Each structure stands twice: as structure tokens, then as C-alpha cells.
Amino acid sequence: MKIGYPCLNHSLECKGNRTFRLHSYSEDKIKQTIKNNLDCLFCILKFNLNNDILFFRISSDIIPFASHPICTFPWQNYFSNHLKEIGRFIINNDIRISMHPDQFIVINSLREDVIKRSLTEIIYHNEILDLMGLDSTAKIQIHVGGVYGDKSNSIKRFIDNYKSLDSSIKNRLVIENDDKSYCIDDCIGIFQRINIPVLFDYFHHSLYNNHESLHKIFESCRKTWKEKDGFLMVDYSSQNPMKPRGSHADKLDHSNFIDFIKLSKSYDFDIMLEIKNKEQSAMEAIKLLNSDKRLFTKS
DNA sequence: TCACGTCAAGCAGAT
DNA sequence: ATCTGCTTGACGTGA
């Protein structure tokens, strides 16, 4: 099991997701920003290694405007050595990597232009991971998309569009249950038709579900991840008690986390902690697991 | 130097 | 109709 957190590190001075306004785009600006972001990513990965954090989600902002037509700068060639160097560090230290394109990526949209932009964005994510030399255990997680008042047709559109993708992209794509449209059962149903691995989001599941038991979920999700996909990935978070339903917690809720681990301890999986204080939660979670190894012994 | 309006992009649900 | 939440921050103008 590996513990990770997404995109940002608040302990370090550097920011690995620096960007700029579209109207201030220039080749010089994008070059400098990417260099900054890659340097910082390397720092974050070293920080993580020093703290036994072996799972990390790379920010989609690492190459700003990568899939936008304005971006004509050949970053793939210009930074290929830099990306390869980071990739070697990742591989040599057995670090697990994921990426999560943001909410605008909807491959089952009713609008052709939205689908087209989404595919371009996914291709960009795939390029980053390829240029780092990572294998197909490095994943790109997306949601199924919109429902548009007709779930079965919307699922069919997802499947049709998925089938048209290049196999190198299919090797990395996984789907994740969301908090209002597609629950774990929906995702498993899609897996049964196109064999796409299902990433389990525990917090989303608590907000939107078919009352599936946690054991049944782990059992069925695990089977969707083949040898080439690596261990099942799981996103973990809890409700922020001060904010509206669906808001992620500011800090790790120790008792909620321990309850979750107790229920799921017999399965092999990697956990991404989607909690606002980022590496802080990851370090706490690792400490909790180490302080009570029994929590984590397979039964 | 700092506040704060705004930032490429979609969707659903609440108000 | 407008706002919020999603990996939510961070940019950058104007004072």
C-alpha cells in the first residue's frame, strides 16, 4: 500500500502548478513556467520520498494551456530530457503516479467541440506520462461525464467514444465514481462492457451510492485492475463539517480514516488522500498506519 | 505591497 | 437565473 496526495505541497517554497493568464501567453513565459513547474515537481517527489510518501498526483497545470490552440511551443521536445530525468527518479524509487484531468473533460458530452477538447487534453496527459517513461500503472483518472437526463444513452456515448481512442491512451485511462451522476455500480457496469479499470472514490461513494457494501466494492473494483494496471487506486476523503455537503475536509479525520482502513485492510490498494492540507495528511496517515500495524495486517 | 476580481474549458444540484 | 463544488488556487491589475 502506498499513501499519496494530489498536486500541491504546502511545506515547500516552490509551486509546481504555476500558470498565467491566457492573454499574457508568450513562448518565453510558458518556457519559464514549465521549467519552474518541473523543477518543483522534482522537489516535491524528493520531499515525498524522504517522508515515505510513494504515491503522487501530478497537477494538470504542469504544462499550462498544453491542449489550447495558443500553445504552439514544442514543450515535448524542449523538456524531454527534464521529463525523462524525473521519470527515472520515479521509476528508481518505485513511486506510483496518477493524473486527474479536471471537470471540463467530458468525453460523453452532447457537444462535439467539448468531446474534441477533452480528447486533446487527455492526449496531453498521456504525453507527459509517456515522456517520463512511465508504464501503464501510471493512470489518468476521469469521470464518466454528464447524464443529460438519459443515463443509458449517456453511458453508451461514453463507451462509443472510449472505443475510438488510441490503445496507448486506453492503457492509462480509468474511471472514477462521482458524487452525483455515476456511482460504483454504474462504473462496474461500464467495465463489464469495455474493460476499463474502476478507481474507487470512498467519499463520493458516501454521497452517492446503490448501498453496495464496502467489501463487495473492493472485491469488484479490484478485479477491474489487471497486472499491467498495477494495484487498485482509491481516493479517500471525508466531509468538511463546516461546509456544504460534498466539500472535502481540511484535515485528516483520524477516526474516519481508521474506520475505513479497518474495513478495507484485507485488500491491496494505493490511497490518494484528497484532503486540503495535502502532505500533512499523508504524513499523519502513514504515522497512523505505522503506529498500529495490526490495523494493516491482512486477516 | 496588498486586496480582490477574475481566470480556457462542463455539469448537476441547491438557492 | 445565479451560485457552488468539483484537485481550488493563483494571476495580475490597480491603488
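Below, chain A is the first sequence line, B the second, and so on; all start at residue 1. Values below: every heavy atom of this structure, side chains too, minus hydrogens, waters and symmetry copies. The model shown is predicted, which means the values in this text are computed figures rather than measured ones.
Using a 4.0 Å cut-off between charged nitrogen and carboxylate oxygen, A:R222 and A:D268 do not count as a salt-bridge pair.
Using a 4.0 Å heavy-atom cutoff across all strands shown, A:S59 reaches no nucleic acid atom at all. Here A:Q103 lies in heavy-atom contact (under 4.0 Å) with a base. Contact annotation for A:Y5: no contact, since no heavy-atom pair falls under 4.0 Å across all strands.
Out of B:dA8, B:dA12, B:dC11, the shortest distance to the side chain of A:S181 is found at B:dA12. Taking the side chain of A:R111 as heavy atoms from C-beta on, and the options B:dA12, B:dG10, C:dG12, the nearest nucleotide is B:dG10. Taking only side-chain atoms of A:Y148, from C-beta outward, the nucleotide of B:dA8, C:dT7, B:dC11 with the closest atom is B:dC11. Residue A:T19 places its side chain closer to C:dC11 than to any other of C:dC11, C:dT8, B:dG10. Side-chain atoms of A:C7 lie closest to C:dT7 of the nucleotides C:dC11, C:dT7, C:dT8. For A:F20, the side-chain atoms get nearest to C:dC11 when compared with the rest of B:dG10, C:dC11, B:dG13. Closest to the A:H204 side chain, of the nucleotides B:dC11, C:dT7, C:dT13, is C:dT7.
The hydrophobic cluster containing A:I194 does not contain A:V106, counting ILVMFWY residues as joined when their side-chain heavy atoms lie under 4.5 angstrom apart, directly or transitively.
For C:dG9 and C:dT4, the C1' atoms lie 16 Å apart once the distance is rounded to whole Å. When the P atom is used for both B:dG5 and C:dC3, the distance is 13 Å, rounded to whole Å.
For A:S60 and C:dT7, a side-chain-to-base donor-acceptor distance below 3.5 Å is present, hydrogens and geometry of angles not being considered.
Phosphate contact (OP1/OP2 of C:dG12, side-chain N/O of A:K29, threshold under 4.0 Å): present.
Figure legend: A:K265 and A:Y267 shown without cation-pi pairing, the cationic atom not lying both under 6.0 angstrom from the six-membered ring centre and within 45 degrees of its axis. Judged by the 6.0 Å and 45° rule, A:K31 forms no cation-pi pair with A:F79.
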